[in-house]
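Structure record follows, encoded as structure tokens.
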Amino acid sequence: MDLIKLSSHASLRYKLQPCGASPPAAAMATSYREEEARRKASLLHCFFFFLLGALAMAAAIAVLHESSYWEWRCTRLTDVVDDDGDDPSSSEVVDGGGEWGMVRTRGAQFVVGDGGGGGRPFYVNGFNTYWLMVLAVDPSTRGKVSEVFRQAAAVGLTVCRTWAFNDGGWRALQKSPGVYDEEVFKALDFVVSEARKHKIRLILPLINNWDGYGGKAQYVRWAQAAGAGINLTSGAGADAFFSDETMRGYFKSHVTAVLTRVNTYTGVAYRDDPTIMAWELMNEPRCASDPTGDTLQAWIAEMAFHVKSVDPAHLLGVGAEGFYGPSSPPARLRVNPNADAALAGADFVRNHRVLGVDFASVHVYPDTWLPAGATKEAQLRFATSWVEAHIADAEGALGGMPVLFAEFGVSTRGARAAFNATSRDAFIEAVYGAMLRSTRRGGGGAGALLWQVFPDGTEYMDDGYAIVLPRAAATAGIVAAHSRRLQAFNSRCAWSCRWGCNKRDDTDTGETTMTEADVDVSFHHEL
């Protein structure tokens with residue numbers, strides 16, 4: 001009988017063939033062609049998937065080549081844990097909480113962003129406007145706070161340094177030890193709230209070395225009124241602030257009051273608010289009555305410990321000018337602008353080795369520091385060498401710490417002024433240039449803050465250093481270009497390594513393989 005025989009191909013119809021009979025030649029040819037077509041389709045599929053894999057591999061190699069070309073050396077934030085298993089410093093363990101999280105330090109850089117990923121570098125272009133709280137008290141001038149933030153944000157400025165103190169006197173925040181004017185505190189709340197709206201972070205010094213806004217001399221007067229028996233005309237004078245137990249207690253109480261303040265606009269305590277980038281112990285601390293530096297050093301150590309005990313989340317700086325003191329080698333003492341700088345009781349490297357201090361701070365004022373008659377060219381040379389020396393020490397002697405040039409400026413007024421409003425741009429460009437040379441290699445020059453930016457209508461407070469951005473188009477252009485370059489670096493570094501970057505040096509001398517032309521391409525292609 002005939003048997004049903006299935007063709008080997010499912011696509012062929014069932015055919016009845018006698019048992020043992022050969023299939024027709026036409027059927028065999030059709031079956032062969034279809035088999036051949038299937039094999040070709042299979043080969044095409046294999047080739048297609050191979051091509052996709054090759055393209056993916058090429059893309060990965062390109063990314064690695066790009067990273068290698070720019071020579072970024074990336075280290076996870078968790079790598080900073082000591083070998084004995086201790087946690088990193090408090091400034092490194094706070095959860096970043098996204099792009100508006102706390103600013104932290106990672107080696108010689110500031111970083112922001114997700115704490116689990118290490119964050120991205122945050123190189124700073126900033127400004128000073130110290131009187132914001134005082135103007136915010138009065139409803140008629142409060143709008144100037146919003147105006148200056150708006151103008152600063154328009155040119156890419158990301159950090160503002162302003163006073164968190166006004167001790168005694170007109171519109172005082174602290175009217176007497178531990179007694180505060182709530183309306184003035186609300187004005188400071190407003191400043192913090194407005195800064196956040198404009199994506200600008202704040203650095204807040206907690207007292208002044210100088211008499212302006214009360215300063216350490218006001219604490220001495222309060223102590224005298226309490227019967228402390230301190231003589232302002234003695235050799236120590238206002239420097240008694242640093243050693244007297246009563247005044248140290250006053251200051252600690254003030255620190256606690258400010259850091260634990262709950263903002264009436266946002267409901268967020270200052271110590272929990274990432275809008276505040278950092279605290280500074282004092283604006284420009286000096287203690288000339290003790291040129292050894294021991295008195296100021298002890299005060300910094302005590303107050304840094306107190307600040308961190310109240311607020312371990314935020315960064316802390318000293319607020320120093322950067323003078324090299326007795327512990328400095330002769331080569332560094334020669335960097336000082338004058339002989340008296342070494343006798344001011346401050347000591348740059350020593351002061352910033354204190355436990356709890358997270359970054360170094362330096363100011364740049366060649367016009368007032370250098371001897372009278374210093375030419376514009378001499379002042380520019382000093383500014384460049386001053387910046388470069390402190391970056392080198394932050395990266396070297398301080399073991400890899402960010403250094404912030406928290407004030408830099410030259411006056412355009414007075415008989416000593418070597419600059420006018422136009423030539424001042426050369427000074428700004430000199431400081432920015434020195435900063436960019438550090439930024440280009442992922443170095444410790446973490447940022448610079450102009451002294452100072454004013455909105456229109458506040459020129460009556462101009463100390464000769466004011467920059468009104470809408471009236472200074474050339475200056476505003478220089479500031480905006482610098483902001484774009486820093487942002488390009490921050491973004492490139494975040495994209496290519498995500499953990500925070502330091503550019504690899506090929507030799508111990510710090511020479512790098514990236515040429516100036518390469519650098520210019522990397523920074524100017526986005527302008």
Quick check for you: to the nearest 0.5 Å, what is the distance between L296 atom CG and D290 atom CG? 9.0 Å
Distance-only donor-acceptor check, side chains D463 and W451, under 3.5 Å: yes
Under 6.0 Å from the six-membered ring centre of Y180 and within 45° of its axis: does the NZ or CZ of R261 meet both? no
Donor-acceptor pair, T384 side chain versus R381 backbone, under 3.5 Å? no
Could you tell me if Q297 and N351 have a donor-acceptor pair between their side chains, going purely by distance under 3.5 Å? yes
What about the rings of Y123 and H482, do their centers lie closer together than 6.0 Å? no
Would you compute the distance between atom CZ of F127 and atom CZ of R161 and round it to the nearest 0.5 angstrom? 12.5 Å
Could you pull out the closest heavy-atom pair between V387 and A434, with the gap in Å? CG1-CB, 3.7 Å
On a heavy-atom basis, the closest approach of D347 and Y324 is OD1-C, 4.4 Å
Polar side-chain atom of H198 near backbone of Q151 as donor-acceptor pair, under 3.5 Å: no
Parallel, tilted or perpendicular, judged at 30° and 60°: which one describes the rings of F165 and Y213? perpendicular
Using the rule ring-ring contact (aromatic ring centres under 6.0 Å, His included), only one of W279, F110, F405, F122 pairs with F359; which is it? F110
From CG (L436) to CG (L486), nearest 0.5 Å: 6.0 Å
Are R142 and E194 close enough for a salt bridge, meaning some N to O gap below 4.0 Å? no
Could you check whether the rings of W299 and F242 sit parallel, tilted or perpendicular, using 30° and 60° as the cut-offs? perpendicular
Quick one: do D167 and K216 make a salt bridge, cutoff under 4.0 Å? no
A448 to L404 - nearest heavy-atom pair and separation: N-CD1, 4.4 Å
Does the E395 side chain pair with the main chain of G399, one donor and one acceptor, at a distance under 3.5 Å? no
Tell me yes or no: between the side chains of Q487 and S491, is some donor less than 3.5 Å from an acceptor? yes
Test: E245 and R248 ion pair at under 4.0 Å: no
For the ring pair H254 and Y250, is the centre-to-centre distance below 6.0 Å? no
Shortest non-hydrogen contact from P285 to V318? CG-CG1, 3.9 Å
So, taking the atom named CD1 in I203 and the one named CG in L316, what distance separates them when rounded to the nearest 0.5 Å? 11.0 Å
When you compare the side chain of H306 with that of S309, does any pair of heavy atoms fall below 4.5 Å? yes
Where do E321 and V362 come nearest, in terms of heavy atoms and distance? O-CG1, 3.4 Å
Do other residues, nucleotides or ligands put more than 12 heavy atoms under 6.0 Å from Y265 OH? yes
Could you check whether any side-chain N or O of S483 sits under 3.5 Å from a backbone N or O of V155, counting only pairs where one atom can act as donor and the other as acceptor? yes
Determine yes or no for a side-chain-to-main-chain donor-acceptor pair under 3.5 angstrom, with H352 supplying the side chain and V357 the backbone. no
Sidechain-backbone polar pair: N128 side chain, L450 backbone, donor-acceptor under 3.5 Å: yes
Would the distance check show the side chain of D239 and the main-chain N or O of A288 forming a donor-acceptor pair, the cut-off being under 3.5 Å? yes
Has W100 got a side-chain atom pairing as donor or acceptor with K199's backbone, closer than 3.5 angstrom? no
Using a strict threshold of under 4.0 Å (side-chain N to carboxylate O), is an ion pair present between K308 and D358? yes
How many angstroms lie between CG in L343 and OG1 in T292, if you round to the nearest 0.5 Å? 11.0 Å
Do V354 and F305 come close enough that some side-chain heavy atom pair is under 4.5 Å? no
For A389 and V335, work out which heavy atoms get closest and say how close. CB-CG1, 3.9 Å
Should F251 and E302 count as side-chain neighbours, where that means a heavy-atom distance under 4.5 Å? no
Can you check whether R286's main-chain N or O pairs, donor with acceptor, with N209's side chain at less than 3.5 Å? yes
Would a distance-only check, ignoring hydrogens and angles, find a side-chain to backbone donor-acceptor pair under 3.5 Å from T129 to V453? yes
Taking the six-membered ring for Trp, are F408 and Y432 parallel (under 30°), tilted (30 to 60°) or perpendicular (over 60°)? perpendicular
Strictly by modelled atom types, are Y365 and E407 linked by a side-chain donor-acceptor pair under 3.5 Å? yes
May I ask you to check whether D367 and S411 show a side-chain donor-acceptor distance below 3.5 Å? no
